[in-house]
J.: 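Below is the structure I would like to discuss, written out as structure tokens.
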Amino acid sequence: MGQLHHETHSTHQLKNAIEFRNVTKKYGEVTAINNLNLSIPEGKITVFVGPSGCGKTTSLRMINRMIEPTQGEILVHGEPNHSIRDYQLRRSMGYVLQQAGLMPHRTIVDNIATVPRLNGMRRSLARTKACELMDTVGLDRSLAKRYPSELSGGQAQRVGVARALANDSSILLMDEPFSAVDPVVRKDLQDELLRLQKTLNRTIIFVTHDIDEAILLGDYIAVFSAGELAQVGSPEEILREPANDFVASFIGRDRGMRRLTFASGEGLKVYPLDSLNTPWQRWKLNVEDGKPAGWFIDNRLVAGGSLYREGGNLRDALDSVLSSPSGWGVVVDDEGYVKGLLNSDDVLDATEAERHRRYGVSV
Ligand SMILES: Nc1ncnc2c1ncn2[C@@H]1O[C@H](COP(=O)(O)OP(=O)(O)O)[C@@H](O)[C@H]1O
Ligand SMILES: [Mg+2]
């Protein structure tokens, strides 16, 4: 008895939310997707990544049958999606587009409340729920009565996410939702999505052409190349062992560096600034109002390199020492005030140790 109990609880098999089985999609002569076989686990973020035209959007849209496959089938929670009525299928999944896809003549709150209303929820309740979702995605409730044209790009994308979350669907399809906003807003939205997902645990399929975004967001990444699935795995698996030359080059030549973004720089020793007060040391950090402002060599001021934020990752630590004219990395706190220095030998040793620890090889 006890034995059986133990086994039941220790076997954490991920259930599949979606399964592509031998799926091919042709547009006339063009094969957009060729014989795709892919399982997408429940409650995780799976990212479809690849260059433009490789079939990401086509694959995504076949899940909720906005596009029908030419061959093969797609199971949703074990059921072939062609056996589900198309309007039911679509309402059962949240869908976020690159350009939020909001209805211009409806207020923000009504845009968010659309699907719950279609599913028969009373207007007042749907609006209450929509307002709560505005809080969830970090939108001020004062925007509720505005129209989409009155919002910034970043705000509109948040509305798109809120609207997708509004239908309580366990599956969320997101097609390049953050591509059209500037990098700072994009970073905010990415962080927000990760924060939300910690409590929501939805099945999210996220399409992007940006490998960095894929690595940041994905529990799993499916790399597409010209209509074929080139590789699927966790970000670390794909970085560690690209399946072929295409994946390797798509990840980029500095993938050795990218691996370091997974390693913390926490253990690195931070030296006080007066470590430089030695007779043989010619470099001195210039500090203005507590913040770094270049380096003095003898009495000449030269520009500084990239800064290392306390608690950052090893890649940033390495960047800071490699880009510093003195060879010392400059450590700052969240407000940008100087906290001390990183020694290049320490950082290079930590980098090497990390590579050995994880991969057993030098890169
Ligand atoms: N409606 C369509 N008619 C004809 N060809 C299409 C259509 N939609 C997509 N394609 C082609 O299918 C391929 C995959 O497109 P898509 O899935 O949009 O790629 P991605 O989202 O990765 O950029 C491309 O070659 C594209 O030109
Ligand atoms: Mg696309």
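Just so you know, ligand 1 is whichever comes first in the structure, and atom 1 is the first atom listed for that ligand.
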J.: Taking the cut-offs as 6.0 angstrom to the six-membered ring centre and 45 degrees off its axis, would you call K25 and Y27 a cation-pi pair?
T.: yes

J.: Which residue and atom name correspond to the protein heavy atom nearest atom 17 (O) of ligand 1, and how close is it?
T.: T58 OG1, 2.5 Å

J.: If we only consider heavy atoms of C54, is any one of them less than 4.0 Å away from an atom in ligand 1?
T.: yes

J.: Which protein heavy atom lies closest to atom 19 (O) of ligand 1, and at what distance to 0.1 Å?
T.: G55 N, 3.2 Å

J.: Under 4.0 Å from atom 26 (C) of ligand 1, is there at least one protein heavy atom?
T.: no

J.: Please check if V287 and Y308 belong to a single hydrophobic cluster, counting links between Ile, Leu, Val, Met, Phe, Trp and Tyr side chain heavy atoms closer than 4.5 Å.
T.: no

J.: Check whether the ring centres of F224 and F246 lie less than 6.0 Å apart, and answer yes or no.
T.: no

J.: Decide whether D346 and Y271 meet the rule of one side-chain donor and one side-chain acceptor closer than 3.5 Å.
T.: yes

J.: Counting non-hydrogen protein atoms only, what is the nearest one to atom 9 (C) of ligand 1? Give residue, atom name and distance.
T.: Y27 CE1, 3.4 Å

J.: So, S52 and the Mg ion (ligand 2): N/O/S under 2.8 Å, yes or no?
T.: no

J.: Going by distance alone, is a donor N or O of one side chain under 3.5 Å from an acceptor N or O of the other, for T208 and E213?
T.: yes

J.: Looking at atom 20 (P) of ligand 1, what's its closest protein heavy atom, distance included?
T.: G53 N, 3.5 Å

J.: Side chains of E176 and S179: is there a donor and an acceptor less than 3.5 Å apart?
T.: yes

J.: What I want to know is whether V30 and ligand 1 share at least one N or O pair that is separated by under 3.5 angstrom.
T.: no

J.: Quick test: of every protein heavy atom, which one is nearest to atom 12 (O) of ligand 1, and how far off is it to 0.1 Å?
T.: A32 CB, 3.4 Å

J.: Between S323 and S306, do the side chains contain an N or O donor and an N or O acceptor separated by less than 3.5 Å?
T.: yes

J.: To check your reading of the model: name the closest protein heavy atom to atom 18 (O) of ligand 1, its residue, and the distance in Å.
T.: T57 CB, 3.8 Å

